[in-house]
Enquirer: 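Please see the structure below; I have some questions.
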Amino acid sequence: MLNVALPKGRLGEKVYAMFEAAGYECPSIRENSRKLVFENEEKQVRYFWVKPSDVAIYVERGAADIGVAGKDILLEYEPAVYELLDLNIGKCRMAVAAPADFRDNENRTLRVATKFTSIAAAYYAGLGRQIDMIKLNGSIELAPILELSDVIVDIVETGTTLKENNLIVHQTILPISARLIANKASFQFKGPQIEDLLCRIKEQVNECD
Ligand code: PRP
């Protein structure tokens with residue numbers, strides 16, 4: 001059995017559709033909304049729904065052989081996994097956002113609110129800019145509104161959340177997309193199975209281009 005960790009939610013639905021089209025279907029996954037594990041014995045595949053930010057942990061520790069995680073999570077936590085393929089879906093960007101009239105005053109420490117403290121730290125270290133990091137777990141856009149921070153470092157997809165909270169992108173840090181990742185030991189022991197899947201998923205990625 002190949003154990004596959006899928007990110008729960010909209011991205012996961014897209015990822016499963018790709019796996020299905022690649023010949024790794026598991027019809028029961030579309031029937032039940034609360035169950036977390038689904039398998040298709042004939043195709044030798046078992047899927048489980050995982051919180052998107054936890055996929056890399058399941059794969060790193062071998063609870064899943066492969067999985068799909070955002071590049072943001074891979075950069076932030078640097079899990080010891082193989083990154084096999086850019087799936088070209090789940091596209092968004094990591095950006096610095098703030099009110100439109102925000103101007104950075106280099107004489108003051110910049111207050112940065114984010115979930116992605118490693119990415120933010122590396123970005124500002126690269127600029128030689130001193131910051132006061134404020135780690136939040138969600139609703140990051142609230143921080144500049146309440147003057148908890150000067151800027152935020154967060155994911156921007158459609159831009160709707162920023163717009164509705166009167167914020168704009170000031171700098172783009174990097175583009176993000178979903179990546180197929182593999183456990184290092186599984187890649188050795190289930191090599192042919194993973195290679196076969198990789199090859200078929202690649203075809204799907206190219207068809208989506
Ligand atoms: C993410 C991100 C933004 C939003 C961006 O939040 O943190 O808030 O999506 O998307 P948009 O540009 O399409 O509006 P998520 O929904 O993951 O929840 P969170 O508040 O827990 O981070």
Side-chain angles (χ1 to χ4, degrees), residues 4-19 29 33-34 36 47-60 64 67-79 81 83 86-102 104 110-127 129 131-181 205 208:
V4 185
L6 293 175
K8 203 152 66 173
R10 211 156 31 103
L11 175 64
E13 307 286 337
K14 276 192 193 172
V15 172
Y16 172 69
M18 248 177 163
F19 277 68
I29 207 167
S33 60
R34 302 304 294 178
L36 296 173
Y47 292 103
F48 34 89
W49 293 119
V50 172
K51 195 177 151 87
S53 51
D54 289 341
V55 167
I57 298 172
Y58 279 79
V59 175
E60 182 178 36
V68 173
K71 186 68 180 171
D72 50 332
I73 300 295
L74 302 179
L75 288 169
E76 181 65 23
Y77 299 104
E78 298 185 338
V81 297
E83 190 181 316
D86 184 346
L87 295 179
N88 229 352
I89 56 173
K91 286 189 179 182
C92 51
R93 57 187 165 142
M94 187 68 67
V96 177
D101 61 1
F102 167 76
D104 192 4
L110 183 69
R111 296 170 306 158
V112 180
T114 187
K115 260 199 277 201
F116 300 94
T117 53
S118 293
I119 293 174
Y123 174 69
Y124 285 107
L127 295 177
R129 182 75 174 95
I131 64 163
D132 175 11
M133 187 82 74
I134 303 163
K135 158 90 176 159
L136 295 178
N137 297 301
S139 302
I140 318 291
E141 294 81 3
L142 206 49
I145 296 173
L146 299 181
E147 293 187 23
L148 175 66
S149 74
D150 301 307
V151 301
I152 63 172
V153 167
D154 201 12
I155 284 169
V156 181
E157 191 181 354
T158 60
T160 309
T161 313
L162 290 184
K163 200 168 168 202
E164 295 194 352
N165 291 289
N166 302 315
L167 302 172
I168 63 160
V169 169
H170 284 258
Q171 289 98 26
T172 292
I173 299 180
L174 44 93
I176 308 281
S177 58
R179 308 296 163 101
L180 183 65
I181 58 173
V205 174
C208 294

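When a ligand or atom number is given, it counts from 1 through the structure's own listing order. Along the sequence shown, residues carry numbers from 1.
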Enquirer: Determine whether a donor-acceptor pair (N or O, by modelled atom type, separation under 3.5 Å) exists between the side chain of Asp54 and the backbone of Val50.
Expert: no
Enquirer: Nearest protein heavy atom to atom 5 (C) of ligand 1, by residue and atom, and its distance?
Expert: Ile155 O, 3.4 Å
Enquirer: Specify the protein heavy atom at minimum distance from atom 20 (O) of ligand 1: its residue, its atom name, and the distance to 0.1 Å.
Expert: Ser139 N, 3.1 Å
Enquirer: Taking Val151's backbone N and O only, do any of them form a donor-acceptor pair with Ser149's side chain (distance below 3.5 Å, no angle check)?
Expert: yes
Enquirer: Look at atom 11 (P) of ligand 1 and say which protein heavy atom is nearest, naming residue and atom and giving the distance to 0.1 Å.
Expert: Thr158 OG1, 3.3 Å
Enquirer: Hey, are the side chains of Tyr124 and Met133 touching, using non-hydrogen atoms and a 4.5 Å cut-off?
Expert: no
Enquirer: Output the list of atoms in ligand 1 that are nearer than 4.0 Å to some heavy atom of Gly159, sorted by atom number.
Expert: 11 (P), 12 (O), 13 (O)
Enquirer: Tell me whether Asp150 contacts the main-chain N or O of Arg111 through its side chain, where contact means a donor paired with an acceptor under 3.5 Å.
Expert: yes
Enquirer: Check if Asp154 has a non-hydrogen atom at a distance under 4.0 Å from any atom of ligand 1.
Expert: yes
Enquirer: Please verify the inter-ring angle class for Phe48 with Tyr58; under 30° counts as parallel, over 60° as perpendicular, anything in between as tilted.
Expert: tilted
Enquirer: Looking at Lys135, I'd like to know if its NZ atom is crowded, meaning that more than 12 non-hydrogen atoms belonging to other residues, nucleotides or ligands lie closer than 6.0 Å.
Expert: yes
Enquirer: Treating Asp86 as the side-chain partner and Asn88 as the backbone partner, does any N or O pair qualify as donor plus acceptor under 3.5 Å?
Expert: yes
Enquirer: Mark up the atoms of ligand 1 that fall under 4.0 Å of a heavy atom belonging to Thr160, in ascending order.
Expert: 12 (O), 14 (O)
Enquirer: Measure Thr161 to ligand 1 on non-hydrogen atoms and call it side chain, backbone, both or neither using the 4.0 Å cut-off.
Expert: both
Enquirer: Closer than 4.0 Å and a protein heavy atom, does any atom meet both conditions relative to atom 14 (O) of ligand 1?
Expert: yes
Enquirer: Quick test: of every protein heavy atom, which one is nearest to atom 3 (C) of ligand 1, and how far off is it to 0.1 Å?
Expert: Glu141 OE2, 3.2 Å
Enquirer: If I compare all heavy atoms of Asp72 with all of Met94, which pair ends up nearest, and what's the gap?
Expert: CB-CE, 3.8 Å
Enquirer: Got a protein heavy atom sitting under 4.0 Å from atom 9 (O) of ligand 1?
Expert: no
Enquirer: At what distance is the nearest protein heavy atom to atom 19 (P) of ligand 1, and which residue and atom is it?
Expert: Lys115 NZ, 3.7 Å
